[in-house]
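Order of the sequence lines fixes the chain letters, A, B, ..., with proteins taken first and strands second; residue numbering starts at 1 for each chain. In what follows, every heavy atom counts, from backbone to side chain, and hydrogens, waters and symmetry copies are set aside. Note that the coordinates shown come from a computational prediction; the quantities given were computed from them, not determined experimentally.
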Protein chains: 2
Amino acid sequence: MTDTGISPPKRATYRHGDLRRALLEAGTELARDGGPDAVVLREATRRVGVVPSAAYRHFADRDALLGAVCSAAQSALAVAMEAELAGLAREGDPADAARARLRAVGTGYLRFAQAEPGLFQTAFSASDNLRSAASPIRAGDSGLTPFQLLAAALDELVEADVLPRERRPGAEFLAWSAVHGLAMLLIDGPLRGLDHARAQDAGRRLIDMVERGL
Amino acid sequence: MTDTGISPPKRATYRHGDLRRALLEAGTELARDGGPDAVVLREATRRVGVVPSAAYRHFADRDALLGAVCSAAQSALAVAMEAELAGLAREGDPADAARARLRAVGTGYLRFAQAEPGLFQTAFSASDNLRSAASPIRAGDSGLTPFQLLAAALDELVEADVLPRERRPGAEFLAWSAVHGLAMLLIDGPLRGLDHARAQDAGRRLIDMVERGL
DNA sequence: CAGGGTTTGTGTACAGCGTTCACAACTACA
DNA sequence: TGTAGTTGTGAACGCTGTACACAAACCCTG
């Protein structure tokens, strides 16, 4: 007996099977178009076809769900950065190669911010998700989180004698600050709505500044 | 007849007199400790001692109230930056003076972000408040908004022949990106909880980078 | 100074949100 | 087969933003 027949794709079984993952995916979709504020628990359960309180079997509260979405978003960011790195030609000069890798990390970051503004904002919404940023659920395919990818690029820069070793400590914070700030401007600051070409140009100039100033 | 006598500081008169300002101030207080999400319309009316719907005589909706608070926060930021500028010694060398003024703009920004994180976050919460940032309600005592203060400092840098004129266009976006990004890290990123001394140190290093790299 | 019109605050109501809790359906293991 | 544990249901609570009819206070004109 399938009710009156006009019910939504009702589950055949009483149990859902993989509700946690389903909610996480629904939440991620909400974050994708709408940012962190758009990931609302009731809407996620609605999309999955489950009653609101069912979510509490898998997430302590709405914040826990948001935290999970946030980790997933960071992971997606890491993947985007890795993709940018993978597109690099294996160059001869190790100094140039190291420089190119740092630039790739930055442009990957900026490209993701512009391509997926909702997810990007969500990635940095939860308070303590940058602090304990080493969790594997926040990593890309290489197992490194966005922050760790940046740190690795800076290490290579030192290895290639481009960045003086004494300037290395804390350099990730300087580089990250600059790129993250620009991302904000591009997403909903005065630089919003810039076409990709101009945005990429701004990114190039910014990374130039970082490279010179680091 | 003052009711049963156990009513809160009930207004003597039916009219409030300056409800708009009162709501704005209550909202600002909410933003100060709690950020943009904490400015909730009902709580603001409660604090002012007025029924919720009364707010709609002065603000179209909750977003309008938040927008007003956001403008006020930007104005406060501008005042903080002006204070930093005012503390500068009138130096002899115009080049050094221009450099010092740019640094003051940056450190004022960072100092405010750390001293008033809630207001700072609120200042940059409303989507289109950086775009049309020229409104006088967002300005400090000098009549300049935070962005305009930065632009002025950069102009002086060109005037003093420190920054090549061809690099001036768009330079405010580069400088702003770096400082704003660091502010984010300090407020709720991995650099959160840094004591003032260390934070100031990070700020100095970052501004060094900007100065070198601009 | 009398009265009407406009502004501004009141009271009540509604839908949507997060969250709780008792209960029911299913699973797994003895 | 029975029984304990897991997972989804249903109804409820208090909170939010918002709408609307009504009432009080001010203002202006005669």
Could you tell me if the side chain of Gln114(A) sits less than 4.5 Å from the side chain of Ile187(A), heavy atoms only?
no
Rounded to whole Å, please give me the gap between CG in Leu65(B) and P in dT18(D).
10 Å
So if I take every side-chain heavy atom of Arg57(B) and compare against dC26(C), dT18(D), dT10(C), which nucleotide ends up nearest?
dT10(C)
Of the listed nucleotides dA19(D), dT9(D), dT19(C), the one nearest the side chain of Ser53(B)
dA19(D)
Phe173(A)-His180(A) aromatic ring centre distance below 6.0 Å:
no
Straight-line distance of Arg138(A) CZ to Gln148(A) CD, nearest 0.5 Å:
10.5 Å
Looking at Asp208(B) and Arg103(B), does any basic side-chain N land under 4.0 Å from a carboxylate oxygen?
yes
Between dG11(C), dA24(D), dC26(C), which nucleotide has the shortest distance from any of its atoms to the side chain of Arg15(B)?
dA24(D)
Heavy-atom nearest nucleotide on DNA chain C for Thr13(A) versus Ala60(A): which residue maps closer to 5'?
Ala60(A)
Can you tell me how far CD of Glu25(B) sits from CZ of Arg47(B), rounded to the nearest 0.5 angstrom?
12.5 Å
Taking for each residue the nucleotide of DNA chain D with the nearest heavy atom, is it Gly17(A) or Tyr14(B) whose nucleotide lies nearer the 5' end?
Gly17(A)
Would you tabulate the nitrogen or oxygen pairs shorter than 3.5 Å linking the protein to nucleotides 13-17 of chain C?
{"residue": "dC17(C)", "atom": "OP2", "partner": "Arg46(A)", "partner atom": "NH2", "Å": "2.5"}

Rounded at 0.5 Å granularity, tell me how far CG in Asp33(B) sits from CG in Leu119(B).
9.0 Å
